[in-house]
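All residue numbers in this chain count up from 1 along the given sequence.
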Amino acid sequence: MTNLWRILSAFSGLLLLYQTALASIDNSRAGFPDGHVTAYEKAVAAPFAAFCGLAFLLAFYFLWVPFSKSGGVGRRLVAGYVMLVFAVILPTASVVYYYKYHQGLDTGTGG
């Protein structure tokens, strides 16, 4: 069972690296294609950059877990998922909700 946890952890780390790269690229494309940066894009740029940095560090945590010498790989994997949910996913969703729905900032989408 330990090998399954190690494979799952390595896969999670690689997937998180990929997702972080996509999110970072998406964040850097603010104002594309016409150059107009909306108030929403300005407001979420800094928090999203911080969340991408934190996700990048967590990806390396997931990649470290399979190579750790001591036992408890499953516990470390669960701890990594808990950190991911509470440090990256929930804050990102909260920022989107706050600026998009609560503040009502224009996201630049529409007809």
Side-chain angles (χ1 to χ4, degrees):
M1 190 68 172
T2 303
N3 286 335
L4 179 65
W5 290 119
R6 291 179 193 274
I7 292 169
L8 183 62
S9 179
F11 180 73
S12 298
L14 292 174
L15 185 64
L16 190 56
L17 274 178
Y18 177 71
Q19 287 295 110
T20 302
L22 288 180
S24 180
I25 290 169
D26 189 47
N27 195 26
S28 69
R29 291 176 44 195
F32 181 79
D34 59 357
H36 175 68
V37 180
T38 64
Y40 174 78
E41 290 171 330
K42 288 178 189 175
V44 299
F48 281 178
F51 298 148
C52 283
L54 189 56
F56 185 73
L57 292 175
L58 277 172
F60 283 106
Y61 173 79
F62 281 116
L63 291 173
W64 167 79
V65 167
F67 300 106
S68 61
K69 297 289 183 198
S70 63
V73 176
R75 287 188 304 240
R76 289 187 183 138
L77 185 61
V78 169
Y81 285 135
V82 169
M83 286 188 293
L84 180 65
V85 166
F86 286 110
V88 178
I89 295 173
L90 286 179
T92 301
S94 299
V95 165
V96 169
Y97 174 79
Y98 178 74
Y99 286 116
K100 191 173 185 179
Y101 299 109
H102 185 69
Q103 291 289 327
L105 296 180
D106 179 30
T107 60
T109 59

> Apart from F48 itself, what residues make up its hydrophobic cluster, given side-chain heavy atom links below 4.5 Å?
Replying inline: Y40, V44, F51, V95, V96, Y98, Y99, L105
> For L17, which residues count as a side chain to side chain contact (heavy atoms under 4.5 Å, CB included) partner, sequence neighbours excluded?
Replying inline: F56, A59, F60, L63
> In terms of hydrophobic clustering (I, L, V, M, F, W, Y; side-chain heavy atoms under 4.5 Å; direct or indirect links), are V82 and W5 co-clustered?
Replying inline: yes
>> Suppose we screen for side chain to side chain donor-acceptor pair (under 3.5 Å). Which residues come up paired with S94, at least two apart in sequence or across chains?
In response: none
> Does Y81 have any ring-ring contact (aromatic ring centres under 6.0 Å, His included) partners at least two apart in sequence or in another chain, and if so, which?
Replying inline: F62
> Only one of L16, L22, L14 forms a side-chain contact (heavy atoms from CB on, under 4.5 Å) with Y18, so which one is it?
Replying inline: L22
>> If the condition is side chain to side chain donor-acceptor pair (under 3.5 Å), which residues does R76 pass it with, not counting sequence neighbours?
In response: S68, S70
> For L77 and L8, which heavy atoms make the closest approach, and how far apart are they?
Replying inline: CD2-CD2, 3.6 Å
>> Using the rule that Ile, Leu, Val, Met, Phe, Trp and Tyr join whenever any side-chain heavy atoms are under 4.5 Å apart, tell me whether L15 and L54 fall into a single cluster.
In response: no
> So if you build clusters from Ile, Leu, Val, Met, Phe, Trp, Tyr with side-chain heavy-atom gaps below 4.5 Å, do W64 and F67 land together?
Replying inline: no
> Any link between F11 and L57 through a network of hydrophobic side chains (Ile, Leu, Val, Met, Phe, Trp, Tyr) touching at under 4.5 Å?
Replying inline: no
>> Whether the side chain of S24 engages the backbone of T20 through a donor-acceptor N/O pair (distance < 3.5 Å, no angle test) should be reported.
In response: no
> Rest of the hydrophobic cluster containing F32 (Ile/Leu/Val/Met/Phe/Trp/Tyr, side-chain heavy atoms under 4.5 Å)?
Replying inline: none
>> Working to the nearest 0.5 angstrom, can you tell me the gap between E41 CD and H36 NE2?
In response: 7.5 Å
> Looking at V65 and S9, what are the two nearest heavy atoms and their distance?
Replying inline: CB-OG, 3.3 Å
>> Nearest 0.5 Å, please: how far is CD1 in I89 from CE in M83?
In response: 12.5 Å
